[in-house]
Amino acid sequence: MTNQFESLGLRPANILLPKTGTDMTKWAVVACDQFTSQPEYWAEVERIAGDAPSTLRLILPESRLNDENVEAHISDINRSMEDYLYQDIFTTLPASIIYIERTQSDGTVRPGLVAAVDLEKYDYTPGSGSLIRATEGTVLERIPPRVRVRKDAPIELPHVMLLIDDPKKICVEPITAEKDSMESLYDFELMMGGGHLRGWRLSEAQIEQLAAALSRLSSDEAMEHKYGLGGVPPLLFAVGDGNHSLATAKTCYENLKKVTPEEQWAALPARYALVEIENLHDPALQFEAIHRVVFGVNPEELIEAFLEFYPNAHRGPGVGHSIAYTHAGGTGCLTVPNPRVQLPVGTLQNFLDAYLKENGGEVDYIHGEAVTDELGARPGNIGFKLPAMGKDQLFKTVIADGVLPRKTFSMGHAEDKRYYVEGRKIR
């Protein structure tokens with residue numbers, strides 16, 4: 001392996017894939033943090049997977065994270081992982097990086113790379129200067145329940161998606177042009193409207209070329225050219241999806257460091273986490289808004305509280321931040337003129353954080369306006385729809401200002417989120 005990877009926070013990994021003959025459509029399921037308020041989705045996934053080998057047995061859908069018997073769910077997951085290893089379901093691709101193409105629900109093809117990142121070079125603290133950074137605020141209370149899922153797991157399956165800011169397309173796109181000469185690994189239809197997925201294994205020469213390209217991308221010259229910010233710590237990878245999952249991996253690794261001699265840290269499998277890497281500038285990659293539905297509240301009282309929280313706010317459209325809402329009594333919008341923050345999501349989230357702390361209720365983060373309207377229109381709920389954020393300023397904003405408000409954007413529709421396919425041993 002090239003020494004260039006040591007400074008990049010990225011490396012090839014010993015990747016696990018199910019052996020030939022596995023029904024890959026039943027094997028791959030969508031990221032666990034999707035469809036959290038739609039248990040019927042996961043019930044249908046259960047029906048499709050049946051008794052076949054499936055990543056459904058190796059993950060905990062977050063819709064079940066607060067179940068009374070969640071510890072039993074976690075034990076079942078760890079047992080399934082051990083069983084799959086014992087049954088020799090997997091084949092191992094040593095020191096590998098995988099190039100993938102995901103045909104999305106709209107027919108566009110989104111390319112990416114699956115590799116491991118070094119958690120020593122990742123920090124989710126706002127204002128961090130690490131090579132790998134969170135783009136949105138990390139909710140620390142969300143990490144401990146996820147640590148319980150990961151800490152005894154022998155395998156990890158990634159739904160983390162990292163972005164590179166590569167406008168000249170020197171990293172992923174050259175590999176795309178060579179895919180026809182590469183070793184094909186899988187080619188199958190994803191369940192539940194997830195589109196199609198194909199994967200190829202990079203050659204040693206392609207891995208070397210990728211390392212060289214990433215080194216150029218993180219150079220001081222590149223930072224100066226793209227952001228006018230020479231001499232600052234480089235940002236190579238920005239977390240686009242799955243930050244709490246990556247933060248959980250980081251926490252588990254930091255806990256292991258406390259009981260492991262420092263000279264052994266580099267050899268810990270838990271030091272690394274498998275991720276998918278995508279180019280921010282790929283046209284198939286679109287930012288979608290993440291909407292909010294608040295449960296267990298009186299919608300009109302909440303709206304009145306919003307107007308009190310922002311004394312210059314008013315009902316109806318106007319100049320400033322306008323936020324549409326839906327509840328059982330109808331639809332409308334709230335406008336805050338001269339907002340104190342840059343994005344409407346920040347205006348709304350600042351209010352919701354304060355209101356829910358004082359009055360109770362729960363908020364869920366929803367992909368898709370139709371689902372937001374449907375859930376918001378149920379009695380005791382209110383849904384808020386937010387505009388999408390442009391992706392062109394993402395890296396520069398994170399470098400200059402720190403993280404964005406949590407759940408500011410989503411990379412594509414819920415059906416287009418990463419599906420679990422590859423795995424890696426983490427102990």
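Residue indices begin at 1 and follow the sequence shown. None of the values given here were measured: they were computed from a predicted structure.
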**Q.** Side-chain touch E101/W200, heavy atoms, less than 4.5 angstrom
**A.** yes

**Q.** salt bridge (Lys or Arg N to Asp or Glu O under 4.0 Å): pairs with one or both residues in residues 280-290, sequence neighbours excluded
**A.** none

**Q.** Student check: side-chain heavy atoms of L93 and I98 closer than 4.5 Å
**A.** yes

Q.
Any carboxylate oxygen within less than 4.0 angstrom of a Lys/Arg side-chain nitrogen, looking at R102 and E276?
A. no

When the side chains of residues 222-229 are checked against the rest of the protein, which donor-acceptor pairs come out under 3.5 Å, sequence neighbours left out?
residue : atom : partner : partner atom : Å
E224    : OE1  : G230    : N            : 2.8
K226    : NZ   : D165    : O            : 2.6
Y227    : OH   : D165    : OD2          : 2.6

Q: Salt-bridge test for K257 and E254: reply yes if a basic N is under 4.0 Å from a carboxylate O, no otherwise.
A: yes

Q) Is R424 close enough and on-axis enough to Y272, meaning under 6.0 Å and within 45°, for cation-pi? A) no

**Q.** Verdict with supporting geometry, D353 and Q349, side-chain hydrogen bond (donor to acceptor under 3.5 Å, both in side chains)
**A.** CA-CA 6 Å; D353 287 345; Q349 194 66 49; 2.9 Å; yes

Q.
Quick one, L334 and Y310 - any side-chain contact, counting heavy atoms below 4.5 Å?
A. no

Q: Give a yes or no on whether the backbone of P158 and the side-chain of R418 come within a donor-acceptor separation of less than 3.5 Å.
A: yes

Q: Please report the shortest heavy-atom distance between F237 and L8, naming the atom on each side.
A: CE1-O, 3.4 Å

Q | Nearest-0.5 Å distance, CG of residue L343 to CG of residue L348 | A | 12.0 Å

Q) Considering residues at least two apart in sequence or located in another chain, which fulfil the salt bridge (Lys or Arg N to Asp or Glu O under 4.0 Å) criterion with D123? A) none

Q | All salt bridge (Lys or Arg N to Asp or Glu O under 4.0 Å) counterparts of D364, not counting sequence neighbours | A | none

Q) Which pair of heavy atoms, one from P12 and one from I207, lies closest together, and at what distance? A) CG-CG2, 4.0 Å

Q | L302 side chain reached by Y355 side chain, heavy atoms, under 4.5 Å | A | yes

Q.
Taking W27's backbone N and O only, do any of them form a donor-acceptor pair with T55's side chain (distance below 3.5 Å, no angle check)?
A. yes

(Q) With side-chain hydrogen bond (donor to acceptor under 3.5 Å, both in side chains) as the criterion, how do T92 and N14 come out once you've worked through the C-alpha distance, each side chain's angles and the decisive distance to 0.1 Å? (A) CA-CA 6 Å; T92 302; N14 296 333; over 6 Å; no

Q. Do the side chain of Q34 and the main chain of A31 share a donor and acceptor less than 3.5 angstrom apart?
A. no

Q. Does Y122 offer a backbone N or O that forms a donor-acceptor pair with the side chain of K250 under 3.5 Å?
A. yes

(Q) Under the rule for ring-ring contact (aromatic ring centres under 6.0 Å, His included), what residues qualify as partners of H244, not counting sequence neighbours? (A) none

Q) Which pair of heavy atoms, one from I323 and one from K385, lies closest together, and at what distance? A) CG2-O, 3.9 Å

Q) Got a sec, which residues hit salt bridge (Lys or Arg N to Asp or Glu O under 4.0 Å) with E71, two or more places apart in sequence or on another chain? A) R148

Q. What is the distance from atom CG of D83 to atom CD1 of I89, rounded to the nearest 0.5 Å?
A. 8.5 Å

Q. Which is it for R201 and S96 under the side-chain hydrogen bond (donor to acceptor under 3.5 Å, both in side chains) test, yes or no, and what are the steps along the way?
A. CA-CA 7 Å; R201 188 180 184 186; S96 295; 2.9 Å; yes

Q) Do side-chain atoms of S54 reach the backbone of K26 as a donor and acceptor pair under 3.5 angstrom? A) yes

Q.
If the condition is ring-ring contact (aromatic ring centres under 6.0 Å, His included), which residues does F409 pass it with, not counting sequence neighbours?
A. F287

Q: Answer yes or no: is there an ion pair linking K417 with D33, defined by an N-O contact shorter than 4.0 Å?
A: no

Q: Give a yes or no answer on whether the side chain of T326 reaches the backbone of A377 with a donor-acceptor pair at less than 3.5 Å.
A: no

Q | Selection residues 169-188 - residue pairs positive for ring pair (Phe, Tyr, Trp, His ring centres under 6.0 Å), sequence neighbours left out | A | Y186-F188

Q.
Going by ring-ring contact (aromatic ring centres under 6.0 Å, His included), name the residues that satisfy it together with H327, two or more places apart in sequence or in a different chain.
A. Y325

Q) Rounded to the nearest 0.5 Å, how far does CZ of R11 lie from CD of E6? A) 6.0 Å

Q. With sequence neighbours left out, what residues match E415 under salt bridge (Lys or Arg N to Asp or Glu O under 4.0 Å)?
A. none

Q: Measure across A213 and I170 and return the closest heavy-atom pair with its distance rounded to 0.1 Å.
A: CB-O, 3.4 Å

Q. CZ/R146 to SG/C32 distance, rounded to the nearest 0.5 angstrom?
A. 7.5 Å

Q | Flag if over 12 foreign heavy atoms under 6.0 Å of NZ, K19 | A | yes

Q. Looking only at atom types and distance, does a side-chain atom of K425 sit under 3.5 Å from a main-chain N or O of P269, one as donor and one as acceptor?
A. no

Q: Could you check if a side-chain atom of Q206 sits within less than 4.5 angstrom of a side-chain atom of I97, using non-hydrogen atoms only?
A: no

Q. Salt bridge or not for R271 and E156, using N-O below 4.0 Å?
A. no

Q: List the atom of T25, the atom of M191, and the distance in Å for their closest heavy-atom pair.
A: O-CE, 3.2 Å

(Q) If I take atom CG from residue D67 and atom CG from residue L60, how far apart are they, to the nearest 0.5 angstrom? (A) 8.0 Å

Q. Is it the case that T138 and N243 place a side-chain donor and acceptor less than 3.5 Å from each other?
A. yes

Q: Give, for atom CD of E136 and atom CG of L394, the distance between the pair rounded to the nearest 0.5 Å.
A: 8.5 Å

Q | Results of ring-ring contact (aromatic ring centres under 6.0 Å, His included) for F309 - residues two or more places apart only | A | F351

Q.
Quick one, L217 and L236 - any side-chain contact, counting heavy atoms below 4.5 Å?
A. yes

Q) With side chains defined as the heavy atoms from C-beta onward, is the minimum distance between R292 and I382 less than 4.5 Å? A) no

Q) Hey, is the main chain of L375 close enough, under 3.5 Å, to the side chain of N381 for a donor-acceptor pair? A) yes

Q) Who passes side-chain hydrogen bond (donor to acceptor under 3.5 Å, both in side chains) against E204, sequence neighbours left out? A) none

**Q.** Expected output: side-chain D187 to main-chain R198 donor-acceptor under 3.5 Å
**A.** no

Q. Does a side-chain heavy-atom distance below 4.5 Å link N279 with L285?
A. no

Q: For residues I175 and C171, report the shortest heavy-atom separation together with the two atoms involved.
A: CD1-O, 3.7 Å

Q) For K396, does the NZ atom sit with more than 12 other heavy atoms under 6.0 Å from it, leaving out its own atoms? A) no

**Q.** Test item: R64 side-chain N/O and P39 main-chain N/O as donor-acceptor pair under 3.5 Å
**A.** no

Q) If you draw a 6.0 Å radius around CG in N69, do more than 12 non-hydrogen atoms from other residues or ligands fall strictly inside? A) yes

